[in-house]
Amino acid sequence: MQLTKLTIDAARSAVQQRKTTALALTEASYARIQKEDEQIGAFLTLCKERAMEQADRIDRMAAEGKPLPPLAGVPVAIKDVMSTRGVRTTAGSKILGNYIPPYDCTAVARMQAAGAVVLGKTNCDEFAMGSSNENSAFRPVHNPRDLSRVPGGSSGGSAAAVAADMAVVALGSDTGGSIRQPASFCGVVGLMPTYGRVSRYGLIAFASSLDHIGPLARTVKDAAIVLRTIAGRDPMDSTSADLPVPDYVAGLERPVRGLKLGVAKEYFGEGLDDEVRHAVESAIDKLKGLGCEIVPVSLPHTPYAIPTYYLIATAEASSNLARYDGVRYSYRAPGVKSLSEMYRRSRDEGFGAEAKRRIMLGTYALSAGYYDAYYLKAQKVRTLLTRDFEEAFRKVDAIVTPTSPTAAFRLGEKSNDPLAMYLADIYTVTADLAGIPGISIPCGETRQGLPIGLQILGKHFDEATVLRLAHAYEQAA
Ligand code: GLN
């Protein structure tokens, strides 16, 4: 048994049947991290002592013959934008470089209650702002499939940890694509649930109306198990939906025959790499072969999605990041002489270039005289983008697209050109703006062996259909 390659169910039942122990699984993950992570850089903080305690608790339950919870003994990694009690949580920023939260994020707490063993916190772009992980204040992450390339972002550490078998699954966050795009670059599964499906309590806010927590995994079933674990109403987050959580795992095997799949021409236009296009088109053919009906749909406002996203996201970010003032949990510049100098220098020294760029863009878009022209206008276009999806979903059960216009690019390739970096988010930001769920699953490789991702988007709160289609494709492929 290769301990670092197990699925959730295989790991849990091996522990339950005493074929291995949670401690052995945890040790195997740390050994893998020890061996691989100097090159890859997926983790910012490890919490081995705490992990060993969690594993030991599971092993004692198993020894007593008690039935184990669904994630018992499963080593998991948590993106460093989720608060973990007593474990440093940086959001990839120097300004939170020494922040130790006094409480757990709800999604993390639910993972642990289900028996998961938290290995540590994964690297990410500062405050989840980025698509390449190069905006981390600590170090970039390297793509495990090709170390000269980015893993995607902003959940690049989480995607790399899963792709390199350092963790079985990981939690990430998606505001404009940050779960799905790194999943596609690293060749793993990444699921963004519907807005409101998973509590955001304890998630360090980037853009509150767009932020989602979701799983990165090696199989669709593992992603479904994690979603089932973390989903559902949380009294600590008023935007979490009070809706029943279906058994996503039980629904996976239902046939996909007869499901209608929308294909929008706006997602196959200029800028889409040929190899990605071919891989996605053959994935669509495969789904057709499984009995799905392919239906052309139109999402006409797609060309406005990038400006809309980068106005709303920066506006919300400028407001959310105002709390890092050097007074409370954040970095404080030494040797200051006045309060205003303390604010100014703490923020100047604590934030990196991309966070500053976004604070300035967002503050500008919200300022008197520009608010109507930029922020309000963007909100109106957001409604139009949402209506595009509502219209399309009257005709189809899901929509299939590429996750990203290209496979993983090289480190440094786009880091001096923020606009080029923003434009590459074209296929992912629309789902965040509309609040609908989406998954990225591997659908082949480029000639150079780089993974390509297929994106499946679904109706509000219909993760079940998204997962079912993804599972059917995965099994067939
Ligand atoms: N790449 C996008 C951005 O830079 C999305 C980030 C995210 O989803 N957190 O804003």
Side-chain angles (χ1 to χ4, degrees), residues 79-82 91-93 122-137 140-141 150-159 170-186 190-193 195 198 200 203-216 305-318 320-321 351-362 365 378 382 403-406 408-409 413-415 417-440 453 455 457:
K79 184 178 181 182
D80 210 17
V81 288
M82 279 165 250
S93 180
T122 52
N123 205 345
C124 56
D125 287 300
E126 184 173 11
F127 288 102
M129 296 168 177
S131 315
S132 68
N133 228 291
E134 292 163 299
N135 297 334
S136 164
V141 180
V150 302
S154 62
S155 312
S158 286
L171 291 184
S173 68
D174 194 313
T175 304
S178 280
I179 291 175
R180 292 160 289 153
Q181 184 257 24
S184 96
F185 280 14
C186 291
L191 171 67
M192 175 180 73
Y195 185 79
V198 175
R200 289 180 293 112
L203 171 68
I204 294 174
F206 160 12
S208 307
S209 78
L210 296 158
D211 292 342
H212 308 70
I213 291 176
L216 292 109
I306 290 290
T308 303
Y309 169 80
Y310 276 96
L311 277 163
I312 294 173
T314 55
E316 292 185 18
S318 71
N320 275 325
L321 267 47
F351 286 126
E354 185 63 25
K356 286 179 188 163
R357 179 179 299 123
R358 294 192 189 206
I359 290 169
M360 288 189 274
L361 286 170
R382 181 177 190 174
T403 304
S404 173
T406 65
F409 43 90
E413 194 178 316
K414 292 190 209 276
S415 46
D417 187 352
L419 197 55
M421 193 80 93
Y422 297 171
L423 289 171
D425 294 335
I426 179 65
Y427 303 143
T428 50
V429 295
T430 49
D432 298 87
L433 287 164
I436 58 172
I439 199 168
S440 178
Q455 176 172 242
L457 302 174

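Remember, it's 1-based here, ligands and their atoms both numbered in the order they're listed. Numbers here are sequence positions counted from 1.
Within 4.0 Å of ligand 1, the residues that place a heavy atom are Ala128, Met129, Gly130, Ser131, Ser154, Asp174, Thr175, Gly176, Gly177, Ser178, Phe206, Tyr309, Tyr310, Arg358, Asp425, listed by chain and number.
Looking at Thr122 and Asp80, their side chains never bring a donor and an acceptor atom within 3.5 Å of each other.
Classified by interplanar angle (parallel below 30°, tilted 30° to 60°, perpendicular above 60°), the ring pair His212/Tyr195 is perpendicular.
When all heavy atoms are compared, the tightest approach of Ile179 to Ile213 is CD1-C, 4.1 Å.
Looking at Asp425 and Arg180, no side-chain N of the basic residue comes within less than 4.0 Å of a carboxylate O on the acidic one, giving no salt bridge.
Contacts of Asp125 classified as side-chain hydrogen bond (donor to acceptor under 3.5 Å, both in side chains), with partners at least two apart in sequence or in another chain: none.
With hydrogens and angles disregarded, a donor-acceptor distance shorter than 3.5 Å links the side chain of Gln455 to the backbone of Tyr427.
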